[in-house]
Protein chains: 2
Amino acid sequence: MPQEAAPTDDRPAARHMPADGRALGGDKVLVTGSGVDMRLLEPLRRRGLEPWRPDRHLSERELARELRGVVAYLHGGEERATETALRSAEGTLRVVAFLGVGYENFVDVAAANDLGIVVTNTPGAATTSVATFAIGQIVNANWRITRHLGSLVPDWADGEELPYELGARKIGIVGLGSIGTRIAHILKHAFGANLAYFSRTRKQHLEASLDMPYKPLHELAEFSDILVVMVPGTGKTISMIDSSVISRLGQGSVLVNIARPAIVDAEALYNGMKEDRIAVAVFDGFYGGDSDFGLRIREDFPDRLLVTGHIASHTRQAMDRMVRQAVKSIENVLDHGVDEHAVGTFTDPEPYAEPYRKVAGPHRLTSDTPQKAGCGTH
Amino acid sequence: MPQEAAPTDDRPAARHMPADGRALGGDKVLVTGSGVDMRLLEPLRRRGLEPWRPDRHLSERELARELRGVVAYLHGGEERATETALRSAEGTLRVVAFLGVGYENFVDVAAANDLGIVVTNTPGAATTSVATFAIGQIVNANWRITRHLGSLVPDWADGEELPYELGARKIGIVGLGSIGTRIAHILKHAFGANLAYFSRTRKQHLEASLDMPYKPLHELAEFSDILVVMVPGTGKTISMIDSSVISRLGQGSVLVNIARPAIVDAEALYNGMKEDRIAVAVFDGFYGGDSDFGLRIREDFPDRLLVTGHIASHTRQAMDRMVRQAVKSIENVLDHGVDEHAVGTFTDPEPYAEPYRKVAGPHRLTSDTPQKAGCGTH
């Protein structure tokens with residue numbers, strides 16, 4: 001294949017057809033998300049496809065209009081691909097390639113599958129970014145950094161216990177997917193932490209190499225000075241960290257949740273902070289405005305919260321990796337009708353085979369949620 | 001030696017005498033710093049010494065009074081051991097054991113040595129704490145964390161470049177003492193950063209094992225997306241990072257100085273931030289109120305500064321390690337008149353043999369500087 005760049009503005013003469021011989025319903029690829037580097041879509045242009053990115057957030061109605069005649073949809077924005085929106089592309093749309101892994105609130109996968117549309121995601125692409133961000137936040141929480149930023153002298157209360165080195169901390173990891181595993185490696189090898197973990201699947205090679213015993217979730221909570229939650233947001237993990245878990249944490253613990261907020265029950269978190277059982281809570285993405293306890297936590301414990309707006313995966317490299325992976329998935333589905341990163345009933349016979357590869361859960365959105373400028377990673 | 005606790009309230013009958021036969025001028029040990037765990041002084045009590053800690057910050061006059069008749073002085077507070085204060089202990093005081101390494105602004109070592117008093121410090125005790133804190137702040141600066149804390153959605157400006165993963169960053173380390181070396185190891189092994197360094201002494205084994213070339217300081221600045229400064233504060237390192245260095249940084253660089261603030265020239269830093277050459281500056285301990293440029297930096301670039309009040313070494317473990325080391329130094333000086341951690345002319349024939357073992361520079365203090373509650377590490 002020639003390596004020179006294919007024309008991008010004019011419609012190219014040659015077009016790849018799907019391997020199964022079906023004619024493409026269109027040559028348009030809808031792309032959303034301001035963080036997508038459009039140059040990475042060159043492989044699609046070389047196939048005669050025409051990536052097109054609207055310059056604003058799309059309402060459901062706008063999305064439906066944009067999807068008409070589209071053959072592939074690279075979802076990197078904050079819009080919600082509802083059944084109604086997807087139905088407008090019926091007959092042409094063959095694949096929704098979601099950038100990130102927390103697709104549940106952004107793409108109606110069941111509706112897509114019913115329409116014969118494959119939905120893919122990009123597991124693993126943000127592992128390095130999210131693990132690095134999590135380590136930074138663990139250090140921040142351990143040092144109570146929010147109390148110290150901007151101070152010229154130490155801001156400890158009289159008689160307050162000093163922070164402990166991470167090597168003197170017992171750290172429990174909930175979920176040993178690629179991100180949880182990376183975090184565990186860094187905590188052990190760089191900082192000498194005393195680790196244990198809970199995961200749906202035992203990982204005996206890691207138990208040995210990281211000197212990290214498996215513990216049932218309640219025992220892990222009893223063990224942990226710092227509890228790091230890194231599981232995907234699924235029906236089975238929502239409110240997994242509930243009052244029965246939090247009540248087993250010792251006084252002054254740190255809870256780090258870089259996964260979807262709803263994995264931690266908001267009321268249980270509120271009570272845990274009120275009882276000083278949880279001294280500091282870290283969230284990347286927080287409960288929405290409809291969560292009373294979420295609001296009360298922000299009001300009552302502002303300096304014991306380290307909340308960010310879902311930025312752990314927001315790096316140039318993670319984003320580019322996701323886009324490259326999504327482009328490959330689009331090509332696979334167009335050529336073969338299948339892709340290894342497909343999700344849902346369509347091509348996901350064992351949805352929990354790798355349960356903990358999710359990066360982070362998005363805030364719950366409706367199609368009309370007003371957005372601040374986002375970069376479109378999930 | 002019997003292991004049961006020696007009496008602490010009554011004067012014990014038996015007393016160890018110094019090996020050289022000189023009678024001790026007193027049996028009192030002055031201890032300062034609220035973070036000192038007094039239980040760790042048990043070895044001194046077993047020798048018949050009586051540790052005594054005033055419950056407040058000492059002015060020069062108060063310190064002079066407290067020092068009268070004292071044989072050893074464990075300096076863990078924020079007071080300034082001036083010549084005047086030390087002179088009041090002439091004839092009895094044999095050792096000032098300073099907790100930490102940044103003693104220059106706290107102990108008049110030349111005056112002490114003239115009076116025959118050995119001054120010791122505690123190199124290495126805070127390596128783990130300071131390196132960990134530095135890593136956290138590097139991640140924070142890389143993600144522009146201050147802009148995101150408290151936000152529920154990403155807070156990037158329109159068109160703003162996303163953060164890069166540390167593995168896609170060129171990081172320059174200035175100073176390869178124990179802390180700089182630890183930081184380099186973590187950045188390479190945990191995060192895959194592309195490293196280079198400048199140090200007074202070439203460290204060829206590290207150049208090979210960390211794939212980290214040596215560069216002269218100006219070249220290192222040209223190389224670095226993130227410049228990490230980790231050198232001791234001495235006459236030779238003050239303003240070492242001046243305009244000639246900062247002008248060689250590329251646009252949008254990060255400067256991380258966990259060492260003494262004055263190692264970075266404040267005017268050069270101000271100009272570097274004004275030109276957006278330095279996007280984010282990290283300091284643990286900042287210029288005092290007498291620094292015009294320090295004030296202007298805080299006023300003009302508040303959200304591009306990550307300033308903390310000298311807390312990198314403030315962990316329970318580092319503090320306890322320092323106290324244990326100081327107790328040993330006191331015993332060594334009382335028994336043998338010398339200690340391996342002595343500093344100054346007294347027993348420091350080559351003061352720069354290990355130039356980069358310093359933890360972090362304290363804020364410049366006068367004996368009358370008002371203090372917030374401090375824990376007493378330096």
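Below, chains carry the letters A, B, ... as their sequence lines are ordered, and counting in each starts from 1. Everything numeric in this text was worked out from a predicted model, so none of it was measured.
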key: Segment of Y164(A) engaging chain B (4.5 angstrom heavy-atom cut-off)   = both
message = If only side-chain N and O atoms count, and only distance matters, is there a donor-acceptor pair under 3.5 Å linking E165(A) with S129(B)?
response = yes
message = Is any side-chain heavy atom of F191(A) closer than 4.5 Å to one of T128(B)?
response = no
Value rounded to 0.5 Å, distance of CD1 in I145(A) from CD1 in I145(B) = 10.0 Å
ask   = What distance do L149(B) atom CG and L305(A) atom CG have between them, rounded to the nearest 0.5 Å?
value = 10.5 Å
Option that, when pairs with chain B are counted at under 4.5 Å, heavy atom only, ranks first among P163(A), G192(A), G136(A) = P163(A)
key: Inter-residue atom distance I138(B).CD1 - T132(A).OG1, 0.5 Å rounding   = 12.0 Å
Heavy-atom closest pair, residues L162(A) and M319(B) = CD1-CB, 4.2 Å
key: Option that, when pairs with chain B are counted at under 4.5 Å, heavy atom only, ranks first among R182(A), H189(A), R321(A)   = R321(A)
query = Can you tell which of F283(A), Y287(A), F133(A) has the highest number of heavy-atom pairs within less than 4.5 Å of chain B?
reply = F133(A)
remark   = Under 4.5 Å to a heavy atom of chain A? For V139(B) that would be side chain
query = Would you find a donor on one side and an acceptor on the other, under 3.5 Å apart, between the side chain of W143(A) and the backbone of I311(B)?
reply = yes
